[in-house]
Novice: 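What follows is a structure written as structure tokens; I'll ask about it next.
Order of the sequence lines fixes the chain letters, A, B, ..., with proteins taken first and strands second; residue numbering starts at 1 for each chain. Values reported hereafter were calculated over all heavy atoms of this structure, with side chains retained and with hydrogens, waters and symmetry mates removed.
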Number of protein chains: 2
Amino acid sequence: MSEDSTSTPRSGDTREAIMHATYKALCEHGYADLTIQKIADEFEMTTAVLHYHYDTKEDLLAAFLEWVLNEYTDRIDVSNIEDPQDRLLALIDELLLGLDDDETSGPPFDRGRAFNTALLEMRGQAARREPFREQFTANYNLVKEMIIATINDGIEQGVFREADAEQVATLVLAAMLGGRAYDVSLFHEGSATAVREAIEELLVKELLEA
Amino acid sequence: MSEDSTSTPRSGDTREAIMHATYKALCEHGYADLTIQKIADEFEMTTAVLHYHYDTKEDLLAAFLEWVLNEYTDRIDVSNIEDPQDRLLALIDELLLGLDDDETSGPPFDRGRAFNTALLEMRGQAARREPFREQFTANYNLVKEMIIATINDGIEQGVFREADAEQVATLVLAAMLGGRAYDVSLFHEGSATAVREAIEELLVKELLEA
DNA sequence: GTCTATAAGAAGATAGAC
DNA sequence: GTCTATCTTCTTATAGAC
């Protein structure tokens, strides 16, 4: 509706291609070694194109972060799972971004480990770059509300005991972020899975009525 | 004993000064914007001095990471606290690196928030830089053993219930790393404190015999 | 051991042709 | 909208004097 009806390549197509190229370059080289040139190399265009669509490298990366976080949360759909415990665990699995299984999320998100690494690097930048910080904050709030709603749903259904849903969600999210961070920054590669199991044993099962 | 008895400035003095200068520069500018020049600016010497003592920037930063992580763990001393629960909570407080209180650790570690930010950035590099990864892994193993020992001590004393100490430690550490990461990467600055309280409420109190 | 001076390369960004 | 060519700046690292 809001697009031209001509066959001219729309600006959105190139921008979408830039996002995909950025994703690939980021996973391959990491955030620290990411350059405009390396992004351009990923989709057969020159750096001038990138500067035409985005004023600065930082603008491009902020747009990328918004795009990629939205893509991910859009894919999370556990609304069809009835049982609150199952839904909570499924949600946790989705949020591990493929770090705890062999299957990945399918293109373009088929690089769980590399992508997690890049995302951790970008989080490190969030303290000093407000646009990044905004995206991470929005994402956190969204995911946290999903967890809180699921826990409260379980309490209302009588499946879970009375509990401070906000506090449980805080702990679950922190543990999962820490698990992902340990997974990519230590030699022990099973950290994410270990944390996933600890959450299930020590927090989720604890929510069940005795 | 192993030092010269002359009044010549020892090599170790300059190296120590370099570590302190690196700490300051890292906190002020962040890892991403850290340059050899900025480190040199922090202690009134030139970049040539840094290259004289360390071959490359990466060598210098690997040495810095080893130094700073050892400095921190050396300062952790909760061995005088008898009660296992108190000792566990004190340990957790130490590991929060000053993020949950107004008091800081004293020079040179007087920049809890900025230092945490820099450490998170460096962790992001650990996936691709083995020297970093080694340091973080060694630090993790050390701290984890401290937590496990405290929990097992509590179980033996009959203060804590029977529990999988390794699993609890895994969850506590992951949650704290996540809490520190959220604290510096979101607009909610109280994340570390919130996680600290959630750990106490949902994990530590749970360890107490009913 | 520390200095000055500089080499050598890479990066982000822009100008102007098409 | 995309290209080629180039500018400017910054960065690591080295050479050689002191």
Novice: Specify the separation, in whole Å, of atom CD of Glu58(A) and atom C1' of dA11(C).
Specialist: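 Checked: the CD to C1' distance equals 16 Å.
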Novice: Determine, for Phe136(A) and Arg123(A), whether the Lys NZ or Arg CZ falls below 6.0 Å from the six-membered ring centre while staying within 45 degrees of the axis.
Specialist: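 Judged by the rule, Arg123(A) and Phe136(A) form a cation-pi pair.
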Novice: Calculate the interatomic distance between Lys57(B) atom NZ and dT12(D) atom C1'; express it in whole Å.
Specialist: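 So the two atoms are 9 Å apart, to the nearest Å.
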Novice: To the nearest angstrom, how far is Tyr52(A) atom OH from dA15(C) atom P?
Specialist: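 It works out to 15 Å between those atoms.
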Novice: Heavy atoms from C-beta onward define the side chain here; which of dG1(D), dT14(D), dT2(C) lies closest to that of Ala48(B)?
Specialist: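 Output: dT14(D).
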Novice: Between His51(B) (NE2) and dT14(D) (C1'), how many Å, whole number?
Specialist: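 So the two atoms are 9 Å apart, to the nearest Å.
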Novice: Rounded to the nearest Å, what distance is computed from the OH atom of residue Tyr54(A) to the C1' atom of nucleotide dG12(C)?
Specialist: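 Atom OH in Tyr54(A) sits about 17 Å away from atom C1' in dG12(C).
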Novice: Do NZ/NE/NH1/NH2 and the carboxylate oxygens of Arg111(A) and Glu28(A) come within less than 4.0 Å?
Specialist: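 Looking at Glu28(A) together with Arg111(A), the answer is yes, because their closest N to O distance falls below 4.0 Å.
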Novice: Does anything in residues 40-47 of chain A reach DNA chain D, meaning a heavy atom under 4.0 Å, and if so which residues?
Specialist: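 Going residue by residue through residues 40-47 of chain A, the ones with a heavy atom under 4.0 Å of DNA chain D turn out to be Glu44(A), Met45(A), Thr46(A).
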Novice: Could you tell me the separation between the CD atom of Glu42(B) and the CG atom of Leu26(B), rounded to the nearest 0.5 Å?
Specialist: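 Those atoms lie 10.5 Å apart.
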Novice: Report the nucleotide, chosen from dA13(D), dC3(D), dG1(D), that has the shortest atom-to-atom distance to any side-chain atom of Val49(A).
Specialist: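 Nearest to the side-chain atoms of Val49(A), counting from C-beta on, is dC3(D).
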Novice: Quick one: is dT2(C) close enough that its OP1 or OP2 comes under 4.0 Å of any side-chain N or O from Thr14(B)?
Specialist: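 For dT2(C), OP1/OP2 do have a side-chain N/O of Thr14(B) under 4.0 Å.
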Novice: With no hydrogens and no angle check, is any side-chain donor or acceptor of Glu121(A) less than 3.5 Å from a backbone partner on Tyr31(A)?
Specialist: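 The answer is yes, because a donor-acceptor pair under 3.5 Å joins these two groups.
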Novice: From CG of Leu50(B) over to P of dT11(D), roughly how many Å is that when rounded to an integer?
Specialist: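 Distance check: Leu50(B) CG to dT11(D) P gives 14 Å.
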Novice: Are more than 12 heavy atoms, taken from residues, nucleotides or ligands other than Lys24(A), located less than 6.0 Å from that residue's NZ atom?
Specialist: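 Incorrect, the count does not exceed 12.
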Novice: Ring of Tyr54(B), cation from Arg15(B) - is the NZ or CZ under 6.0 Å from the centre and inside 45° of the axis?
Specialist: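 Yes - Arg15(B) lies over the ring of Tyr54(B), closer than 6.0 Å to its centre and within 45° of its axis.
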Novice: Just to verify, which of Asp93(A), Asp153(A), Asp77(A) counts as forming a salt bridge (charged side-chain N to carboxylate O under 4.0 Å, His left out) with Arg87(A)?
Specialist: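 With Arg87(A) as partner, salt bridge (charged side-chain N to carboxylate O under 4.0 Å, His left out) holds for just one option, Asp153(A).
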Novice: Heavy-atom contacts under 4.0 Å between residues 20-38 of chain A and DNA chain D, which residues?
Specialist: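 Listed by number, there are none.
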Novice: Please report the C-alpha distance between Lys38(A) and Asp33(A) in whole Å, then the side-chain angles of each, then the deciding distance to 0.1 Å, and finally whether the salt bridge (charged side-chain N to carboxylate O under 4.0 Å, His left out) criterion is met.
Specialist: CA-CA 9 Å; Lys38(A) 282 169 182 163; Asp33(A) 296 329; 5.5 Å; no
Novice: Can you tell me how the ring of Phe109(B) sits relative to the ring of Tyr23(B), calling it parallel under 30°, perpendicular over 60° and tilted otherwise?
Specialist: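 Ring orientation, 0 to 90° scale: perpendicular.
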